[in-house]
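Here is the structure we will look at, set down as C-alpha cells.
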Amino acid sequence: MKSSDLPARLAPFAAAVRRNCHIADARYAREMTMCTYLLEMREFYRWERGLPYGASPPQAEVGAWLAEREALWEGLQGEGFAPLPLDGVEHDPYAVDAINEVLAPQELFYGAGIGRFGKPHFFIARLYRRAARNGARIFVCDDEYVRDMTTVPAASQGDAVIVRREALRRWLWEQAEAWDAKRSRGALQLAFDAYSAEADLAQGIERMVAAETDTLILHELGEHAAGRALGPGWEAMLVACRSRRAEVLVRAVRDNLADCASTLPALLDARMRGSLHFWFANFKGMRLALFPTLHAAYVRWREHGDDERLRRLVDAGRDHWLQVAKRLLDDFARRGPEFEAELERLSHEPGELSPAAPG
C-alpha cells in the first residue's frame with residue numbers, strides 16, 4: 001500500500017509522518033552492521049516499490065535508490081521530529097492515543113514508539129482488528145501506508161499491545177529465503193513443514209501469519225504483565241543502558257519472563273506444534289544464552305514427543321526470571337548508572353543468571 005491510497009484529507013498528516021520516518025532513519029541507520037543495513041534496505045526497497053514478496057530487486061536500481069536515500073538523510077541530519085497536522089490540530093509525534101481517536105472511523109492506526117537501542121519507529125497502517133484481554137488493549141494492523149526502514153512485528157506500550165501483520169509477513173518471507181538457501185533440518189524447517197509451506201510457500205506463509213499473530217499477542221501480553229509486576233523502574237533501567245550488550249541482556253531477561261509466563265504455557269496447552277517449532281526457531285542470541293536448558297528440553301520433546309521436562313522448565317522459568325528481573329532492578333536502584341558495567345559483564349557471562357537444571 002502507498003500513502004496516496006489514504007484519504008486526501010490525510011495527505012499532510014502522512015507527509016509529516018513520512019518525514020519523521022526519514023529523520024529517524026537518518027539518525028540511526030548507520031549504527032547498524034553493514035550486513036543488517038543492506039538487508040533491511042533491500043527489503044525496504046521492495047516495500048516502497050510494491051514488489052512481490054520474495055522478489056529479487058534489480059541490483060543497479062537498488063544501488064541508485066540507496067544513494068538517493070542516503071543523500072536525503074544527509075540533508076535531514078540534526079532535524080527534529082515535526083508535529084503531525086490532523087484535522088486542523090497539530091499533534092506531538094508520540095501522541096498516539098489522541099491521533100488514533102481521529103483515525104479510528106477510517107479503520108486506520110498510527111504507531112509511534114522507541115525500539116531497540118533508542119531508535120524511534122513511526123508507521124500508519126490499516127487496522128485489521130482490535131480486542132481487549134488481560135487488561136490490555138490489542139491492536140492488530142495489516143497493510144502499511146507509511147513506515148520507517150526497520151519494522152517491528154509486535155510491541156507493547158503501556159496498556160496497548162500492537163501487532164503488525166505486514167511486518168510479520170515480510171519477516172516470514174525473509175526467513176523463508178534463508179530457509180530455502182540452507183534447508184537444514186531444524187526448528188525452522190519443522191515450522192514450515194507444519195504449515196505446508198514447501199507445497200505452496202505463499203499460502204503456507206499466510207497460514208503462519210494467521211497463527212503467529214496470536215503467538216505475538218501472547219508474548220506481548222506477557223510483556224504487559226511483566227511491566228505491571230516490575231513497575232516503571234524497569235523502563236528507567238532500560239533507558240539508562242548506553243551499552244548495547246547491556247540493553248540486549250535486560251531485554252532478554254524480560255523476554256524470557258514474558259514467554260515463560262504467557263507464550264509457552266499457552267502453546268503447550270493448545271498443542272500448537274507449528275507455533276512451538278517456530279518459537280524455538282527464533283529462540284537464539286542472548287535469550288538462548290541465558291536459558292540453554294530450555295532448548296535442550298525442546299529437542300527432547302521434538303525427538304521423543306515428551307513435553308514433561310519442557311513444561312517443568314517453563315513453570316520454573318516463570319518464577320526464576322521474575323526473581324532475576326527484580327534482582328537487576330534492586331541492583332540498579334542501589335548503584336544507578338554504574339550498574340551498567342555489571343550488566344556488561346553479565347552479558348559476557350549470561351550463565352550466571354541461568355536457572356539450575358531440574359533433576
Side-chain angles (χ1 to χ4, degrees), residues 24 27-28 30-33 36 81 94 112-121 134-136 150 152 154-162 219-264 282-295 313-358:
R27 290 182 186 177
Y28 290 90
R30 292 173 187 171
E31 294 183 6
M32 301 176 181
T33 65
T36 300
F81 295 126
Y94 293 102
I114 305 297
R116 288 166 65 91
F117 312 132
K119 185 186 188 301
H121 297 287
N134 298 349
T150 303
V152 181
S156 56
Q157 298 173 348
D159 70 343
V161 165
I162 302 154
H219 174 81
E220 296 305 329
L221 288 173
E223 289 267 10
H224 177 250
R228 288 186 297 183
L230 298 172
W234 188 266
E235 291 301 323
M237 180 172 64
L238 193 59
V239 169
C241 289
R242 301 299 177 211
S243 158
R244 290 196 169 204
R245 289 193 65 89
E247 180 177 333
V248 167
L249 176 76
V250 169
R251 289 186 181 277
V253 167
R254 182 160 150 169
D255 280 340
N256 283 348
L257 169 58
D259 285 323
C260 285
S262 177
T263 319
L264 291 170
N282 295 287
F283 182 53
K284 57 184 69 171
M286 188 63 72
R287 292 185 301 145
L288 174 58
L290 286 165
F291 206 178
T293 52
L294 187 65
H295 184 267
L313 277 168
V314 169
D315 288 343
R318 180 178 59 250
D319 295 332
H320 174 81
W321 295 115
L322 179 59
Q323 293 309 310
V324 168
K326 288 181 175 180
R327 181 187 124 193
L328 295 181
L329 267 178
D330 289 344
D331 288 348
F332 174 72
R334 285 190 298 103
R335 299 170 60 184
E338 70 178 38
F339 179 54
E340 186 167 13
E342 176 65 4
L343 293 174
E344 178 81 19
R345 185 191 70 78
L346 288 168
S347 74
H348 291 282
E349 300 290 341
E352 290 189 23
L353 299 178
S354 299

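- With values rounded to the nearest 0.5 angstrom, D159 atom CG is found 12.5 Å from N134 atom CG.
- With values rounded to the nearest 0.5 angstrom, E235 atom CD is found 11.0 Å from I114 atom CD1.
- The side-chain contact (heavy atoms from CB on, under 4.5 Å) with V324 is formed by just one residue from the set L290, L353, D319; it is L353.
- Partners of F291 under the ring pair (Phe, Tyr, Trp, His ring centres under 6.0 Å) rule, at least two apart in sequence or in another chain, are W321.
- Side-chain N or O atoms of R287 include none that pairs as donor or acceptor with a backbone N or O of N256 at under 3.5 Å.
- Crowding of R244 atom CZ: a count of heavy atoms from other residues, nucleotides or ligands under 6.0 Å exceeding 12.
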(message) Test side chain to side chain contact (heavy atoms under 4.5 Å, CB included) on E344 and L249; report intermediate values, then the result.
(response) CA-CA 8 Å; E344 178 81 19; L249 176 76; over 6 Å; no
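- The shortest non-hydrogen separation linking S354 to H320 is C-NE2, 3.6 Å.
- Residues P292 and A289 come closest through the heavy atom pair CD-O, 3.6 Å.
- The shortest heavy-atom contact between A24 and K119 is CB-NZ, 4.1 Å.
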(request) Start with the C-alpha distance between S243 and L343, add both sets of side-chain angles, then the distance that settles side chain to side chain contact (heavy atoms under 4.5 Å, CB included), and finish with yes or no. (result) CA-CA 9 Å; S243 158; L343 293 174; over 6 Å; no
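- Taken from CG in L238 to CD in E247, the straight-line distance is 5.0 Å, to the nearest 0.5 Å.
- Under the rule for a ring pair (Phe, Tyr, Trp, His ring centres under 6.0 Å), the partners of F81 that lie at least two apart in sequence or sit in another chain are F122.
- Rounded to the nearest 0.5 Å, atoms NZ (K326) and CH2 (W234) are 11.5 Å apart.
- The minimum heavy-atom distance linking A258 with G222 is given by the pair CB-C, 3.5 Å.
- Side-chain contact, E220 with H224: no donor N or O sits under 3.5 Å from an acceptor N or O.
- Inter-residue side-chain proximity for V253 and M286 is flagged as unmet; no heavy-atom pair is nearer than 4.5 Å.
- Across every non-hydrogen atom of Y28 and G118, the tightest pair is OH-O, 3.3 Å.
- In this structure, T150 OG1 and F117 CZ are separated by 11.0 Å, a value rounded to the nearest 0.5 Å.
- The shortest side-chain heavy-atom distance between L230 and L322 falls under the 4.5 Å cut-off.
- D331 has a carboxylate O that lies under 4.0 Å from a charged side-chain N of R334, or vice versa, which qualifies the two as a salt bridge.
- Note on E349 versus R345: no salt bridge recorded, every NZ/NE/NH1/NH2 to OD/OE distance being 4.0 Å or above.
- By the ring pair (Phe, Tyr, Trp, His ring centres under 6.0 Å) test, H121 is found to be paired with no residue, residues two or more places apart in sequence or in another chain being considered.
- Across E342, R335, E340, a single residue satisfies side-chain contact (heavy atoms from CB on, under 4.5 Å) together with E338, and that is R335.
- Here the straight-line distance linking atom CG of L328 with atom CE of M237 works out to 5.5 Å at 0.5 Å rounding.
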